[in-house]
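Heavy atoms only: backbone and side chains are in, while hydrogens, waters and symmetry mates are out. All values derive from a computational prediction rather than experimental measurement.
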Amino acid sequence: RRHTRYPLVTGVQTCALPILCQKYRLMNILLYLIFIILILFFDSIWLYINANSYKNLVMNVQGSSLEINPIGAILSYLCVIIAIFGYIIPIVKEKNKKDNNLLYLSIIYGGGLGLLMYGIFNTTNIGIFKNYDYLTALKDTLWGIFLFTLITYLFIKIDTYHQYHN
């Protein structure tokens, strides 16, 4: 039974050339780090564009100005990162090998998880806060769908290209 990506190499080793494996692992780690930064960058742009809307919403909901809790923000982004890279990317990568329809899979799985995560957050807020704005909830949920679809699509596109061209 062959345990490598290379057709002429057999045995139990995981890579024919350890130096190439180390390079691939490093590139893979860099790709993940780049995409984590992209998630933060894209979301920062979204939050900047919609800052006034969110500030007004927070003022209406809690009666005081917006104060960011850094630990809560870090934990929230950690959940987003785990959801994308721990659940969606592996599923879409595997299904894309068979279906070869990355955009569709990214929308269905990436966008679907974005809908669920952002939708649960926003509809829960609508349910428990008297003055939570429906339009902001809708826009934020649509943003989650777009962000998760975009990150899923771009990550797998670049990762697939990288795998076949190195």
Side-chain angles (χ1 to χ4, degrees), residues 24 27-165:
Y24 176 74
M27 292 303 291
N28 211 15
I29 290 169
L30 287 174
L31 185 63
Y32 279 93
L33 289 175
I34 288 167
F35 271 84
I36 289 169
I37 291 167
L38 275 177
I39 291 168
L40 297 172
F41 176 73
F42 289 150
D43 213 39
S44 295
I45 291 172
W46 172 258
L47 292 172
Y48 178 77
I49 291 169
N50 294 285
N52 287 335
S53 175
Y54 288 120
K55 285 177 185 176
N56 292 336
L57 177 66
V58 169
M59 184 59 82
N60 288 337
V61 168
Q62 71 183 22
S64 61
S65 62
L66 176 66
E67 290 181 31
I68 302 295
N69 177 333
I71 293 172
I74 290 168
L75 292 173
S76 176
Y77 281 110
L78 187 60
C79 288
V80 167
I81 290 164
I82 290 169
I84 291 174
F85 295 114
Y87 292 98
I88 294 306
I89 297 295
I91 291 170
V92 174
K93 271 180 151 179
E94 191 60 36
K95 290 192 174 288
N96 193 49
K97 290 177 186 174
K98 298 173 191 153
D99 298 342
N100 199 24
N101 194 347
L102 182 56
L103 181 58
Y104 172 78
L105 293 169
S106 296
I107 292 169
I108 295 300
Y109 291 97
L113 185 62
L115 169 68
L116 291 173
M117 288 184 69
Y118 282 66
I120 289 169
F121 169 78
N122 284 296
T123 56
T124 299
N125 287 342
I126 287 171
I128 61 175
F129 296 120
K130 182 173 81 172
N131 296 324
Y132 201 83
D133 181 46
Y134 282 89
L135 181 59
T136 302
L138 177 63
K139 288 188 325 186
D140 193 58
T141 301
L142 291 173
W143 168 248
I145 294 168
F146 176 77
L147 177 65
F148 276 54
T149 299
L150 178 67
I151 293 297
T152 302
Y153 180 83
L154 290 176
F155 182 88
I156 293 174
K157 193 78 166 169
I158 291 170
D159 186 53
T160 303
Y161 177 84
H162 176 271
Q163 286 179 9
Y164 289 111
H165 290 89

If you apply the rule side chain to side chain contact (heavy atoms under 4.5 Å, CB included), what do you find for S65 with M59, and how did you get there?
CA-CA 5 Å; S65 62; M59 184 59 82; 4.3 Å; yes
Could you measure the distance from the [atom1] atom of [X] to the [atom2] atom of [Y]? Nearest 0.5 Å is fine.
X	Y	atom1	atom2	value
L150	I145	CG	CD1	13.5 Å
L105	I156	CG	CD1	8.0 Å
I107	T149	CD1	OG1	6.0 Å
L66	L57	CG	CG	9.5 Å
T136	N50	OG1	CG	8.0 Å
L154	L31	CG	CG	10.5 Å

Pairs of donor and acceptor atoms involving the side chains of residues 68-86, under 3.5 Å and at least two apart or interchain, shall be tabulated with distances.
unit_1: N69; atom_1: OD1; unit_2: I71; atom_2: N; d: 3.1
unit_1: N69; atom_1: OD1; unit_2: G72; atom_2: N; d: 3.2
unit_1: Y77; atom_1: OH; unit_2: D43; atom_2: OD2; d: 2.5

Can you name the closest pair of heavy atoms from [X] and [Y] and give their distance?
X	Y	result
T123	G119	OG1-O, 2.7 Å
N96	L102	OD1-N, 3.2 Å
T152	G110	OG1-CA, 3.7 Å

May I ask you to check whether over 12 heavy atoms, not counting those of Y109, lie within 6.0 Å of atom OH?
no
Does K139, at its NZ atom, have more than 12 non-hydrogen atoms belonging to other residues, nucleotides or ligands within less than 6.0 Å?
yes
Checking F121 against M117 for the side chain to side chain contact (heavy atoms under 4.5 Å, CB included) test, could you report, in this order, the C-alpha distance in whole Å, the side-chain angles of both residues, the deciding distance, and whether it holds?
CA-CA 6 Å; F121 169 78; M117 288 184 69; over 6 Å; no
Tell me whether the rings of F155 and Y32 are parallel (<30°), tilted (30 to 60°) or perpendicular (>60°).
tilted
Applying the side chain to side chain contact (heavy atoms under 4.5 Å, CB included) criterion to L113, which one of I91, I88, I108 satisfies it?
I88
Is there a donor-acceptor contact under 3.5 Å linking the side chains of N122 and Y132?
yes
Between D140 and Y54, a side-chain donor and acceptor under 3.5 Å
yes
Sub-3.5 Å donor-acceptor pair from the side chain of N60 to the main-chain atoms of N131, do we have one?
no
Heavy-atom donor-acceptor pair, E94 side chain to K97 backbone, under 3.5 Å
no
Are the side chains of K93 and D159 in contact, using a 4.5 Å heavy-atom criterion?
yes
Set out, in order, the CA-CA distance, both residues' side-chain angles and the distance that settles side chain to side chain contact (heavy atoms under 4.5 Å, CB included) for F148 and Y118, then state yes or no.
CA-CA 10 Å; F148 276 54; Y118 282 66; 3.5 Å; yes
